[in-house]
Amino acid sequence: MQNPIPLTRDLVLIGGGHAHALVLRRFGMRPVPGLRITLVNPGPTAPYTGMLPGHVAGHYTREELEIDLVRLARFAGARLVLDRATGLDRDRREVHLAGRAPLRYDLLSLDIGITGDLDIPGFAEHGLPAKPLERFATAWEAFVAAPPPTPRIAVIGGGVAGCELALAMAHRLQAAGISDVAVTVLEARAEVLNELAPGARQRILAQMRDYGIEVETGVTVEAVEAGGLRLAGGRTMESDLTVGAAGAQPQGWLAETGLELRDGYVVVDAQLRSASDPRIFAAGDCAHLRHAPRPKAGVYAVRAAPVLAWNLRADLTGRQRRAFRPQRDFLRLISLGGKRALAQKWGTGPEGDWVWRWKDRIDRKFMDGFATLPRMAAPAPPKDAAIGAAAAAAGQPPCAGCGAKIGPGALQGALAGLAPPLRPDVRAAPGDDAAVLRVGGETQVITTDHLRGFTLDPWLLAQVAAHHALGDIWAMGAQPQAALASITLPHMAPAMQQATLAEIMTAAQEVFRAAGADIAGGHSTLGAELSIGFTVTGLAGARPIGLDGARAGDALVLSAPIGSGTLLAAEMALKARGTWIGALWEAMTRGQAQAAAILAPEARAMTDVTGFGLAGHLMNMMRASGTGARLELAAVPVFDGAEAMAAAGVRSTLYAENRAALGDAVLPDTPRAALLCDPQTGGGLLAAVPADAAQALVGELEAAGYRAARIGTVIETAGRLEIA
Ligand SMILES: Cc1cc2nc3c(=O)[nH]c(=O)nc-3n(C[C@H](O)[C@H](O)[C@H](O)COP(=O)(O)OP(=O)(O)OC[C@H]3O[C@@H](n4cnc5c(N)ncnc54)[C@H](O)[C@@H]3O)c2cc1C
């Protein structure tokens, strides 16, 4: 047997800016064996701001200008941590994060851009910075959807970005038929666009005049208030939307890192290494190139990427680093509101519709590099393999999470021969969510669950696995008591083992503590791949809620959407959108504690929806209760993107077995119906409740933040599943 290559180095990339996105692509195409890459970014996508004015003007959708970091990280074999770095402990080589335990690193790279916040009183409350995109684009779409009758917009900052945005906003509103639009650009200096040559400046100003955009120079904004601005000299100005585009501000937390900074930016040498810490690199807007200072522009982040990737690889593999020699000037392609642009380099350049098309081609080509990731060659099929092995290996890669469960048919077949409990204090009800034990005068429930890593992020997997295991306890109407962890880490160096285990235990403890339970011990081992499981006990009242209490006429209430298995399968195959997966991860780490507290007092039967899918778990409950069910397919909540992926033919590898276990039940041949057999990881609770209580329960669940619904009714015919 071959030794697996153990992980020996941690590379942490902070920020999914342009440079890091390109670095990830390069590492995906040529991985470094033994390297664990982690990307930390607050959201699942990063914007390509070159297309932002086009998006504001209505020429591009939001997806068209977003780099999908979830897909990119999967392609690169990197883990993506959706969080924000808040500090560095350089002695311990740890990155501090806003929402979770610190991450260790051997090598670190920063590409976090700038902040769009302006240091003007009231701007944080009443202004809108051009960055981050998420906030800006959402607020702009809301403004466009319901504009005031005569919209007044103030743009603070008359550089290229401010003027491009002003043109784009005026264009969008005028194209929507609103002619009475007042857009004003406010610039503190004597001139706007002073980074451009006079000819280009005059042409852009002429275009702004055509759109009726006012330009005020030499004005200082003293405060931003609700409905307007206060300017120096006691003047006021009305504004329905105040946009900040007044130059770069460094991220404040860099000042606490002890790194050498210049004006708040990380000073790097020609090899993009921090001037004060050889383990830290920086690129893009957050870096100050000591050997060749340049203005803040995406083009330098893009150009730095190959050198950054090379030098990170060099330090990780013991090779020679290279120097970054940025160009002195660069081709600016400035959009002019409509589908028209101006080109400028070395002080001159053409203007026209064709320049916009040229810019459009360049921008789309850049984004295509992330949308169409090259297919990496699959390992050759095994020769001389046993019959069927090569074909099985060439099929869809096995799913993870609950999609990796042994199918219901095989499981029931294997368990059928097991003798019933001998001991009177072990009261296992076959197929129930947890076993029931009598201990002294108490009723205790006990369950175990284990997840194969659907993510490379141990913290995320630990939280989902903990919630997942707790689901069985909640479903029995019990209170969690104690948990034992069972952890398999991929082979890795001892320092990485310690850090990874610490991450897992901190993540799990957070979940169990919040549920009122303690982690009492566990077992860990090194193995082929990451998997995390928990055995959990809970204390139930005199009669735990089982599967067998549903009565004809009861309403069926579900506390969470379905479709996670399909989305996770799509994510593994690079087909899912990052925004869907970001929302899914968030839902899976939400847990069902509150849902259980709301449902348990009314539930006659309850289960958590996991590996066998909604239909499978529903029918287990119906069989145990001697009843059947009518499901309202349209009422079943599904995760964003799940139906689209099901329509595209994506299925979890457990789907076929889940479908087969339903026997001759007739399901419509639709993508939504396919999701009924989709294995759920960390799924919701399904409860049979008195019909007259259902509406109030769903209301309470929704008020607690769950996407819950009444999805059907219990019927008399035992074992029958009807889909309406
Ligand atoms: C309207 C507008 C138009 C522009 N047009 C152009 C143009 O046409 N050409 C050009 O060259 N430049 C343009 N720019 C400038 C360009 O946007 C920036 O220079 C470029 O985005 C810098 O790239 P970057 O890789 O440094 O960082 P960014 O692209 O800013 O990316 C930084 C990433 O880091 C993440 N991040 C931030 N803080 C943290 C944290 N604490 N922890 C983890 N992650 C974090 C952010 O969420 C983001 O994903 C424009 C700017 C604006 C505002």
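Order of listing sets the numbers, starting from 1, for every ligand and every atom in it. Since this is a predicted model, take the numbers as computed values, not measurements.
Of the protein's heavy atoms, Gly113 CA, 3.4 Å lies nearest to atom 27 (O) of ligand 1. For atom 20 (C) of ligand 1, the closest heavy atom belonging to the protein is Gly298 CA, 3.6 Å. Counting protein heavy atoms only, atom 2 (C) of ligand 1 is closest to Ala161 CB, 3.8 Å. Looking only at heavy atoms of the protein, atom 6 (C) of ligand 1 is closest to Gly50 CA, 4.3 Å. Closest to atom 48 (C) of ligand 1 among all protein heavy atoms lies Asn41 OD1, 3.7 Å. When only non-hydrogen protein atoms are considered, atom 40 (C) of ligand 1 lies nearest to Ala85 N, 3.6 Å. If you check which protein heavy atom lies closest to atom 45 (C) of ligand 1, you get Pro42 CD, 3.6 Å. Nearest non-hydrogen protein atom to atom 31 (O) of ligand 1 is Gly17 CA, 3.2 Å.
Close to ligand 1: Gly16, with a non-hydrogen atom less than 4.0 angstrom away.
Side chains of Thr115 and Gln249: a donor-acceptor N/O pair is absent below 3.5 angstrom, by distance only. Side-chain contact annotation: Tyr60 with Asp363, donor-acceptor N/O pair under 3.5 Å absent. For the residue pair Arg152 / Ser239, no side-chain donor-acceptor distance below 3.5 Å is found, with atom types taken as modelled.
Within the 4.5 Å cutoff, the side chain of Tyr105 has heavy atoms near those of the Leu108 side chain. Looking only at side-chain heavy atoms (C-beta outward), Asp240 and Ile153 stay at 4.5 Å or farther from each other. Between Arg172 and Pro147 the shortest side-chain heavy-atom distance does not fall below 4.5 Å. A 4.5 Å side-chain heavy-atom check between Pro47 and Phe136 finds every atom pair outside the cut-off.
In this structure, Arg322 forms a cation-pi arrangement with Trp310, its terminal cationic atom sitting closer than 6.0 Å to the ring centre and no more than 45° off the ring axis.
Considering backbone and side-chain atoms alike, Ile114 places every N or O at 3.5 Å or more from each N or O of ligand 1. Between His18 and ligand 1, a contact under 3.5 Å exists for at least one N or O pair. When only interatomic distances are considered, the shortest N/O to N/O separation between Thr49 and ligand 1 falls below 3.5 Å. In terms of N/O distances under 3.5 Å, ligand 1 is approached by Lys131. At a 3.5 angstrom cut-off on N or O pairs, Asp83 does not count as close to ligand 1. Residue Gln251 has at least one N or O atom closer than 3.5 Å to an N or O atom of ligand 1.
Using a 4.0 Å cut-off between heavy atoms, His20 makes no contact with ligand 1 at all. If you look at Trp253 next to ligand 1, the close heavy atoms, those under 4.0 Å, all belong to the side chain. Using a 4.0 Å cut-off between heavy atoms, Thr86 makes no contact with ligand 1 at all. Contacts between Ala301 and ligand 1, counted as non-hydrogen atom pairs separated by less than 4.0 Å, involve the side chain only.
When each atom of ligand 1 is checked for a heavy atom of Arg84 under 4.0 Å away, the hits are 38 (N), 39 (C), 40 (C), 41 (N), 42 (N). Atom numbering of ligand 1 starts at 1 in the shown order; those under 4.0 Å from a heavy atom of Gly284 are 26 (O). Every atom of ligand 1 with a heavy atom of Ala46 under 4.0 Å away is listed here by number and element: 49 (O). Taking every non-hydrogen atom of Asp111 and a distance limit under 4.0 Å, the qualifying atoms of ligand 1 come out as 24 (P), 25 (O), 26 (O), 27 (O), 32 (C), 33 (C), 34 (O). Close contacts of ligand 1 with Ile14, meaning ligand atoms under 4.0 Å from a residue heavy atom, involve 42 (N), 43 (C). Each of the following atoms of ligand 1 lies closer than 4.0 Å to a heavy atom of Val40: 43 (C), 44 (N).
Annotation: Phe330 is in aromatic contact with Tyr300 [ring centroid separation under 6.0 Å]. A centroid separation of less than 6.0 Å is found between the aromatic rings of Trp356 and His59.
Without hydrogens or angle criteria, Thr217 side chain to Glu187 main chain gives no donor-acceptor distance under 3.5 Å. Remark: the backbone N or O of Arg92 is paired with a side-chain donor or acceptor of Asp89 at under 3.5 angstrom.
Between Phe143 and Trp140, the two ring planes are parallel [angle under 30°; tilted spans 30° to 60°].
Within a 4.0 Å radius of atom 9 (N) of ligand 1, the protein contributes no heavy atom.
Closest heavy-atom approach to atom 26 (O) of ligand 1 within the set Ile362, Leu13, Asp285, Ile334: this belongs to Asp285.
By the side-chain hydrogen bond (donor to acceptor under 3.5 Å, both in side chains) test, Glu260 is found to be paired with no residue, residues two or more places apart in sequence or in another chain being considered. Checked against side-chain hydrogen bond (donor to acceptor under 3.5 Å, both in side chains), Arg9 has no partners two or more places apart in sequence or in another chain.
When each of Thr257, Val266, Leu259 is checked for a side-chain contact (heavy atoms from CB on, under 4.5 Å) with Ser276, only Leu259 meets the rule.
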